[in-house]
Structures are given as structure tokens and as C-alpha cells.
Protein chains: 2
Amino acid sequence: MTVTPETATRMPAAERRASILEAATEVFGARGYVGATTDAVAKAAGVSQPYVVRMFGTKENLFLEVLHRALDRLLGAFRAVIAGHGTSAPDLAGRLGAAYADLLRDRGLLLSLMQAFMLGADPVIGPAARAGFLQVYGLLREEAGFGADEADQFLSHGMMLNTLVAIGMASEYDSDPAARDLIETCAPSKALMIVDLEKQQRA
Amino acid sequence: MTVTPETATRMPAAERRASILEAATEVFGARGYVGATTDAVAKAAGVSQPYVVRMFGTKENLFLEVLHRALDRLLGAFRAVIAGHGTSAPDLAGRLGAAYADLLRDRGLLLSLMQAFMLGADPVIGPAARAGFLQVYGLLREEAGFGADEADQFLSHGMMLNTLVAIGMASEYDSDPAARDLIETCAPSKALMIVDLEKQQRA
DNA sequence: GTCTATATAGCGATAGAC
DNA sequence: GTCTATCGCTATATAGAC
């Protein structure tokens, strides 16, 4: 009657890194940098807490890697849209917006980014977050060919979407008509996706 | 050679409450709910840590009071603008936007609000944050007479401004031309205020 | 490659004096 | 009205076995 060993099955380091990063993205996105524990990340990834620390050195470094991964995916998704259509394509902003909303599927990704943006006062994470934000802005202006107004609109609505997801407004969608009105007013085309993802998340 | 007693001079409870709330607003705004310590709040207010806890019961409750105070000030500022001009006044959105930016002077106020918005997953703070956000939205639609597009624009740019302040982008204003470009693109009329406040904050 | 055990530190909260 | 002292919990990080 030997109990199954609770040791995680062996896995190549690179693969394990990837799955821990994925788990960390979700945990950091939901609880923020300070609120997230390395133990919660470990449990989400199915490994022990010290193993997470050993693999990434420190919690701070783990968060930095989550941030960079999120930025890579975001910039990559945008570049794929631009490459597939070209700067002069009709409604490039709409296509980029759809790509952005699509990243909500990667759980915690946009939220981890937003959590990083809130850490401007941190001496290590702050600079990294600012650099990341500027990278996104630079892509919009230089690679997507956005003018000042277009970039402003795009980024502003992105921050609004992030905020609505972070605050969990979709959880009131069914019960509160005002919440429903707000979501459909401020995130019209993304409304269904937000709501569906939250429902799926609770299931 | 007796040392000055480190005991804070006696003060009426109501007054002490107010100054602790003010200090807490600044600390929560800068470090977030989890990252802020009751000790940092106490030091900023010039009292002992147990006294802060004793007066507000718990850190959670202190944060809720900070949130409500911030909302009161925000809604009050908006209502003052509306009362002073009337719904049909020209450029009501511009005047409300100016009032919003003006609240940046109340250090940490808009940041504490934003930090609350990031806590949607918290079982106590989450609902309070959502209710607060909906109050603001309701005021814009019903009291300011904003249409859907107008409210969307206003809130989106508000979230963008919050994010730029939280990430501390103004600290790169002088050294990084891209940061300067971003700030002047996405917060044109507020750019100077953001930058000035941060410089003043470092001094 | 992964775990158990544990050192160490920081923080929220309580007790009780003045 | 305000403090000092301190408890007890949680969390990151280290040491070392397998």
C-alpha cells in the first residue's frame, strides 16, 4: 500500500521552465507581484516551492521573466498582424485591437503586464515596465504607422480593457445592468470574450 | 539632557484619523494594497504602527476607508464642475478632465483608486472597487449627460493617465525622448502637471 | 531534476502601561 | 490618545538528501 510519490515526473529543464512561467503568469496576473507567493506558483505548476526559487533565483527575477514573456507575446502578435496586412491595410487598428483582445485567452498575460505597470516605484521592476510600455508605443508609431491620435486611442482603450478585466467587472455582467452597460459601452466588440472567459474561469 | 519624547502630540481622534487616511492614501498609492505596510503608513503619519491598526481595526478596513475617501473626492470634484456649469455647458468633458487631472495634486488619491481596481479578485475589496467604478460611470452618464462614446473616451483616457502615473513614466521625461513623446501624445494637457508633480515628489 | 526540512525575516495584530 | 513589547503567522530563500 505504498503511496504514489508526490515527486513531479521528471521533465527537461526547458519544458519545466515554460510551464512554471505559464503558471506564474496566471498567479501574478490575479494577485499582483507582492500578493503572489512562490508557493502559489509552485502549486499551480505542480512542483515544490523551493524548486521554483531554485530555477529562477528570486521571485523578483521570476516576475521579470514573466514580464518579458508577456511583452514578447504581445509584440509578436502585433507584428504578425502587421506582417499579414501591411501598414496601409484598412482598419489596421481594428485588427491590432482584435489581436490584443485575443491575448486575453492566454490567462493572466495582459494582467501581468498591467500589474507590472503598477510597479513604477520599484527600483528594479519599474524601469523594466517603462521600457516595455515604450516598446509597445514605439511599435505602434513606427511599425504600425500610427499617428499620435491613433496611438493615443489604441493605448487608452487597451488600458481601459486591462482595468475592466482586472477589476473583474464581467462577474457583475449578469446581475448588474449598470455593469453590463459599462462593459458594452467601453469594450463593445470584446464584451463577449471578457464575460465568457470569466465564466469559464469560475468553472 | 532628556530626549524629546517620541510620543505624538495629542490630537482629537477625528483629526488624527484624517491625517492617517491622508498618509495611507499616499502609501497605498505608491506601493499597492499588499505592498504597503501599516508601519509605513504609521511612519508617514508620525504615529506608531499599533495605533494605526487600533484606530482602523485592520489593514483591509483602512484600505476600504482610503478607497471611499478617494471616491468621495472624485465624485465631489465632478459634481462641483457640473453644478458650476450645467450639463449643456460647452466642453464639459474638458472641464471634467481638468478636474480629474487636478486630483493628481492630492498625492496618491488617483493611484489608490487604480490600485483598488487591480484587486478585483479580492473577496472584500473587489466588490467595493467595482461598485466605485460603476458610481463614476453612472455619474458620467446620468449627471454629466455623457453619451456612450463620450463616457468611453473619458474613462479610457482616465485609465491611461492613471497608468502613466503609476508606471512613473514622467521620471524618464527628461532622459528619454520616447517617454517624452508618449506623455505629450497621450496626456497632452496634463503632461506638464504629471512631470512637475514627480519632480516635486523627488525633491 | 526534484523534494523535505528549516533558517530567517517581516508584518499584522494583541496586551497592557501611561 | 498613544506607546512599547511581543506573539504568531506567512513567505522567501538555503541546505542538503535522493
Side-chain angles (χ1 to χ4, degrees), chain A residues 2-24 26-28 30-66 115 119 121-125, chain B residues 2-24 27-28 30-67 115 119 121-125:
Chain A
T2 33
V3 184
T4 308
E6 294 182 11
T7 302
T9 58
R10 268 171 175 271
M11 195 183 280
E15 210 171 316
R16 192 107 268 173
R17 271 185 83 84
S19 69
I20 293 178
L21 272 178
E22 199 178 338
E26 208 171 321
V27 175
F28 280 128
R31 308 198 201 173
Y33 171 59
V34 191
T37 65
T38 54
D39 191 55
V41 172
K43 282 192 169 62
V47 296
S48 70
Q49 180 268 333
Y51 187 60
V52 171
V53 174
R54 165 168 288 241
M55 180 159 261
F56 290 90
T58 63
K59 174 180 165 178
E60 182 179 76
N61 192 63
L62 172 61
F63 186 75
L64 288 174
E65 295 214 28
V66 165
Q115 298 283 7
L119 293 170
D122 184 284
V124 175
I125 299 170
Chain B
T2 33
V3 185
T4 308
E6 294 183 11
T7 303
T9 59
R10 268 174 175 269
M11 195 183 279
E15 207 171 318
R16 193 102 273 172
R17 272 185 84 85
S19 69
I20 293 178
L21 272 178
E22 199 179 335
V27 175
F28 280 131
R31 308 199 202 172
Y33 171 59
V34 191
T37 63
T38 55
D39 190 55
V41 171
K43 283 192 169 62
V47 296
S48 69
Q49 180 267 334
Y51 186 59
V52 171
V53 175
R54 166 169 287 237
M55 181 159 260
F56 291 89
T58 62
K59 174 179 167 179
E60 182 178 76
N61 193 61
L62 172 59
F63 187 75
L64 287 174
E65 295 213 29
V66 165
L67 170 58
Q115 299 283 6
L119 293 169
D122 184 284
V124 174
I125 300 171

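Below, chain A is the first sequence line, B the second, and so on; all start at residue 1.
Contact annotation: B/Thr7 side-chain N/O to D/dT2 OP1/OP2 distance is not under 4.0 Å.
Aromatic ring orientation, B/Phe28 versus B/Tyr33: tilted (interplanar angle from 30° to 60°).
What separates CZ of B/Arg16 from C1' of D/dT2 is a distance of 8 Å, to the nearest Å. The nearest whole Å value for the distance from the CG atom in B/Asp39 to the C1' atom in D/dC3 is 13 Å. Atom CZ in A/Arg10 sits roughly 15 Å away from atom P in D/dC18 (whole-Å rounding). Protein atom CG of B/Leu62 is 16 Å distant from nucleotide atom P of C/dC11, rounded to whole Å. Atom CG of B/Asn61 and atom C1' of C/dA13 are 14 Å apart (whole Å). The interatomic distance linking B/Ile20 (CD1) with C/dG12 (P) rounds to 14 Å, in whole Å. As rounded to whole Å, 15 Å separates atom C1' of D/dT2 from atom CD of B/Glu15.
Within the structure, no pair that satisfies the salt bridge (charged side-chain N to carboxylate O under 4.0 Å, His left out) test touches residues 53-64 of chain B, not counting sequence neighbours.
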Would you give me the side-chain donor-acceptor pairs under 3.5 Å for residues 35-43 of chain A, sequence neighbours excluded?
{"from": "A/Thr37", "atom 1": "OG1", "to": "A/Ala40", "atom 2": "N", "distance (Å)": "2.9"}
{"from": "A/Thr38", "atom 1": "OG1", "to": "A/Gln49", "atom 2": "NE2", "distance (Å)": "3.2"}
{"from": "A/Asp39", "atom 1": "OD2", "to": "A/Lys43", "atom 2": "NZ", "distance (Å)": "2.7"}

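The distance from the CD1 atom of B/Ile20 to the OH atom of B/Tyr51 is 6.0 Å, given to the nearest 0.5 Å.
Between A/Gly35 and B/Thr9, the residue whose closest nucleotide on DNA chain D is further toward the 5' end is B/Thr9.
Listed by chain and number, the residues in a salt bridge (Lys or Arg N to Asp or Glu O under 4.0 Å) with A/Arg17 are A/Glu65 (sequence neighbours excluded). In this view, A/Glu26 and A/Arg107 satisfy the side-chain hydrogen bond (donor to acceptor under 3.5 Å, both in side chains) rule, not counting sequence neighbours. With sequence neighbours excluded, no residue forms a side-chain hydrogen bond (donor to acceptor under 3.5 Å, both in side chains) with B/Asp122.
Within the 4.0 angstrom heavy-atom criterion, no nucleotide atom of any strand lies near B/Ala42. Among the heavy atoms of the strands, none lies under 4.0 Å from B/Ala14.
Taking a 4.0 Å limit (strictly below) on heavy-atom distances, residues 47-59 of chain B reaches DNA chain C at B/Gln49, B/Pro50, B/Arg54, B/Thr58, B/Lys59.
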